[in-house]
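Just so we're on the same page: letters track the sequence lines, and every chain starts at 1.
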There are 2 protein chains.
Amino acid sequence: MPSIRDVARLAGVSHQTVSRVLNEHPSIREETKQRVLDAIRQLDYRPNQAARALVTSKLNLIGILSATVGEFGPTASIAAIEEAAREEGYSVTTLNLPDTSPEAIGGAVRQLLREQVDGIVVLAPQVRVFHVLRGMAIGVPFVSLQTASGALEESVAPDQLEGARMATRHLIELGHVDILHLSGPQDWIEADSRMRGYLQALRDADLPTIPPIRGDWTADFGHYAGLELARRQDFSAVFAANDLMAIGLMHGFRDAGLDVPRDVSIVGFDDIPVAAHVWPPLTTVHIDFADLGRRAIARLLASLRGEAPSAEEPPAPALVVRDSAAPRR
Amino acid sequence: MPSIRDVARLAGVSHQTVSRVLNEHPSIREETKQRVLDAIRQLDYRPNQAARALVTSKLNLIGILSATVGEFGPTASIAAIEEAAREEGYSVTTLNLPDTSPEAIGGAVRQLLREQVDGIVVLAPQVRVFHVLRGMAIGVPFVSLQTASGALEESVAPDQLEGARMATRHLIELGHVDILHLSGPQDWIEADSRMRGYLQALRDADLPTIPPIRGDWTADFGHYAGLELARRQDFSAVFAANDLMAIGLMHGFRDAGLDVPRDVSIVGFDDIPVAAHVWPPLTTVHIDFADLGRRAIARLLASLRGEAPSAEEPPAPALVVRDSAAPRR
DNA sequence: TTGTAAGCGTTATCAA
DNA sequence: TTGATAACGCTTACAA
């Protein structure tokens with residue numbers, strides 16, 4: 001591995017001059033610069049990041065702390081985060097939390113810190129993760145893709161509550177009165193917002209609220225719930241907290257001999273890529289996960305540079321009307 | 001940020017002794033060790049990775065080079081890779097290729113090298129990526145999750161060809177004779193293996209082979225293909241190269257008034273989480289993507305340590321029979 | 001515009 | 001079992 005001194009020797013200058021070329025220092029003679037550049041190319045020299053990081057105490061590294069289980073949304077956001085960060089000259093390291101115990105979270109943050117990250121993006125939608133995070137003196141800026149109630153300052157969450165209201169209102173406008181909610185697991189921020197949106201919409205319409213069913217985000221659970229729910233016929237519509245559960249739910253209803261949307265209307269949330277193609281095509285709420293990721297990076301880099309975060313609005317959710325919800329008969 | 005010298009001062013030893021404790025050097029008095037450990041805890045000292053990397057010229061960093069578009073399979077593998085690598089004390093940096101031009105690939109590898117990765121895991125299933133990789137003197141070990149024909153030595157690919165044969169054979173055993181293949185895009189290794197498996201199964205059964213249709217992995221394309229195919233009624237079964245296209249295909253057929261599996265049988269590939277819940281439940285080929293990722297890391301670390309790679313078999317694909325394929329009427 | 005010297009925080013080497 | 005000293009490859013200051 002050639003070092004900066006090898007380049008200097010070949011170009012006939014001091015290693016300091018090479019450093020200046022590398023860092024685009026203004027005062028350097030064009031000809032010298034070219035000589036150095038040539039030498040760099042000739043030796044296939046690459047600056048040693050470790051040495052650079054040692055002296056500047058900056059690695060230009062962003063850590064992603066994720067506690068999601070490989071679902072579509074977070075994955076799409078992570079890809080966007082990674083791309084946006086690299087565009088700005090940062091590299092990215094990802095750390096998936098195997099579980100969300102306080103110890104695991106603390107350990108993960110410490111690990112990221114040990115790796116000298118300059119900032120952290122958190123995709124850890126469990127409320128308890130936020131408690132732990134808030135209790136830690138992290139020492140580097142961080143941004144979250146979710147908002148806990150009474151939130152941390154830095155987050156770029158979309159308005160999930162509003163999305164859930166839109167979904168529920170859609171069912172109300174179709175004439176449904178007895179609307180169930182299949183929610184996400186306790187302790188999940190998203191599950192909570194979506195449930196609150198549902199409850200709000202019902203209250204606004206002076207409709208009875210029925211205690212939500214706690215699911216676990218999986219299609220398997222949706223299927224199970226569909227089978228169970230088919231027995232009680234006290235509802236005509238369900239708002240599922242995500243598409244996977246909605247699809248499982250349709251499966252369960254189908255197995256029980258119920259037709260969607262003739263007998264039951266369903267609305268999902270997320271707009272995953274298959275949503276438009278399942279039978280019946282799923283009415284759902286679209287979230288722009290990639291955009292979310294990009295905003296997170298913009299926000300993080302702003303605070304890394306000491307700029308004020310732009311007061312941009314988070315991306316708005318949008319209702320996508322397909323065929324799984326129909327007027328009440 | 002406390003340094004090793006601060007710890008040394010507090011513990012009343014030399015910084016070298018602290019270093020020994022850190023690196024679990026055998027000859028150190030237990031009592032001294034405890035004093036140092038206490039000091040470390042007291043100061044919340046964390047070793048500076050950059051300094052360590054500078055002197056050892058090892059960062060314990062693994063790079064993931066990915067050129068996939070956020071599909072289920074690669075994503076699951078990446079999560080597993082990340083976890084396995086961290087367990088072994090390596091951190092992980094991910095780099096998504098925006099496009100697969102030779103320049104982009106070369107740039108990405110150089111970028112990873114500049115970040116001082118000790119090894120690279122490649123999830124870049126396009127044939128051309130392999131050409132570029134092979135032409136580069138990379139200088140660090142790397143492992144691929146795909147096998148190009150006439151392959152690179154290091155890969156942990158599952159036997160996709162065999163999976164495709166199983167899928168096709170299943171249709172043949174159901175009595176189908178005119179079996180179509182909806183393949184993945186040209187230049188994709190997976191697309192190629194799956195297509196070859198399909199062709200082989202047909203040949204083995206002395207059945208006519210029909211030129212495959214080139215898709216792009218998306219459900220949208222599957223939908224379009226279903227609409228088009230519905231016009232020509234010269235087949236009774238389709239083997240789709242992935243589940244997303246299979247689901248889109250079912251949608252297209254449905255729109256055209258064809259019933260699956262009554263009029264057409266369909267088999268997919270991947271076994272994505274919704275496969276069991278769509279209508280009709282999708283017969284498909286299951287691949288253990290997480291296992292694949294873990295093997296990739298095992299392999300990479302073995303060559304990093306100079307060990308011989310274990311001659312383990314790649315994970316075997318498994319046919320999952322559900323309802324989208326039925327006996328030919 | 002260029003060069004020289006010092007130091008970043010760690011590990012490796014040698015000596016005690 | 002411990003300590004002193006010299007790197008590692010770079011950037012920052014200061015001097016020429």
Side-chain angles (χ1 to χ4, degrees), chain A residues 1-40 43-61 89 91 110-111 113-118 139-140, chain B residues 1-40 42-61 89 91 113-118 139:
Chain A
M1 270 282 142
S3 86
I4 198 171
R5 286 164 210 278
D6 299 314
V7 176
R9 200 172 315 123
L10 184 61
V13 296
S14 78
H15 76 278
Q16 185 44 238
T17 301
V18 178
S19 172
R20 290 199 179 95
V21 172
L22 254 24
N23 295 285
E24 288 169 344
H25 190 98
S27 53
I28 192 153
R29 197 150 36 114
E30 184 56 32
E31 191 220 306
T32 320
K33 183 173 168 182
Q34 283 310 325
R35 263 215 324 278
V36 170
L37 256 19
D38 280 348
I40 288 178
L43 295 175
D44 188 27
Y45 162 80
R46 287 182 234 111
N48 183 317
Q49 297 300 313
R52 185 173 273 180
L54 177 58
V55 64
T56 58
S57 61
K58 267 209 65 183
L59 250 183
N60 278 12
L61 211 209
S91 57
R110 267 192 300 278
Q111 175 61 29
L113 256 21
R114 206 173 311 132
E115 291 177 24
Q116 244 98 51
V117 297
D118 301 300
V140 303
Chain B
M1 270 284 142
S3 88
I4 199 171
R5 286 164 209 277
D6 299 312
V7 176
R9 200 172 314 122
L10 184 61
V13 296
S14 78
H15 75 278
Q16 187 43 240
T17 301
V18 177
S19 172
R20 290 199 179 96
V21 172
L22 255 23
N23 294 285
E24 287 168 347
H25 189 98
S27 52
I28 193 152
R29 196 147 40 110
E30 184 57 30
E31 190 219 307
T32 320
K33 184 173 168 184
Q34 284 310 325
R35 262 215 325 277
V36 170
L37 255 20
D38 279 349
I40 288 178
Q42 206 172 319
L43 295 174
D44 189 27
Y45 162 80
R46 285 181 235 113
N48 182 317
Q49 297 301 313
R52 185 174 271 181
L54 176 58
V55 65
T56 59
S57 62
K58 267 209 66 184
L59 249 183
N60 278 12
L61 211 209
S91 57
L113 256 22
R114 205 173 311 133
E115 292 177 24
Q116 244 98 53
V117 295
D118 301 301

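- Considering only residues two or more places apart in sequence or on other chains, A:Arg110 meets the salt bridge (Lys or Arg N to Asp or Glu O under 4.0 Å) condition with none of them.
- If you find the closest nucleotide of DNA chain D to A:Asn48 and to B:Thr17, the one lying nearer the 5' end belongs to B:Thr17.
- Remark: B:Ser91 engages no residue in a side-chain hydrogen bond (donor to acceptor under 3.5 Å, both in side chains) (not counting sequence neighbours).
- Residues satisfying the side-chain hydrogen bond (donor to acceptor under 3.5 Å, both in side chains) test with A:Ser14, not counting sequence neighbours, are A:Thr17.
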N/O to N/O distances under 3.5 Å, protein versus nucleotides 11-15 of chain C:
| residue | atom | partner | partner atom | Å |
| --- | --- | --- | --- | --- |
| C:dT11 | OP1 | B:Asn23 | OD1 | 3.4 |
| C:dT11 | OP1 | B:Asn23 | ND2 | 3.1 |
| C:dT11 | OP1 | B:Arg52 | NE | 2.8 |
| C:dT11 | OP1 | B:Arg52 | NH2 | 3.0 |
| C:dT11 | OP2 | B:Ser19 | OG | 2.7 |
| C:dT11 | O4 | B:His15 | NE2 | 3.1 |
| C:dA12 | N6 | B:Gln16 | NE2 | 2.1 |

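- The salt bridge (Lys or Arg N to Asp or Glu O under 4.0 Å) pairs that include a residue from residues 4-14 of chain B are B:Asp6-B:Arg9, where partners are two or more places apart or lie in different chains.
- For A:Arg35, the side-chain hydrogen bond (donor to acceptor under 3.5 Å, both in side chains) partners two or more places apart in sequence, or in a different chain, are A:Glu31.
- Scored by the side-chain contact (heavy atoms from CB on, under 4.5 Å) test, A:Leu10 finds A:Ala39, A:Gln42, A:Leu43 as partners (sequence neighbours excluded).
- For B:Asn60, the side-chain contact (heavy atoms from CB on, under 4.5 Å) partners at least two apart in sequence or on another chain are B:Lys58, B:Tyr90, B:Asp118.
- Here the range on DNA chain D touched by chain B, meaning any atom under 4.0 Å from one of its heavy atoms, is D:dT1 to D:dG9.
- Take A:Gln111 and apply the side-chain contact (heavy atoms from CB on, under 4.5 Å) test, not counting sequence neighbours, and it matches A:Leu95, A:Arg114, A:Glu115, B:Arg86.
- Not counting sequence neighbours, B:Glu24 has no partner by the side-chain hydrogen bond (donor to acceptor under 3.5 Å, both in side chains) test.
- A donor-acceptor pair under 3.5 Å is formed between the side chain of B:Asn48 and the backbone N or O of B:Ala50.
- The CG atom of A:Leu54 sits 18 Å away from the P atom of C:dA6 (whole-angstrom rounding).
- Near DNA chain D, meaning a heavy atom under 4.0 Å away, there are no residues from residues 26-36 of chain A.
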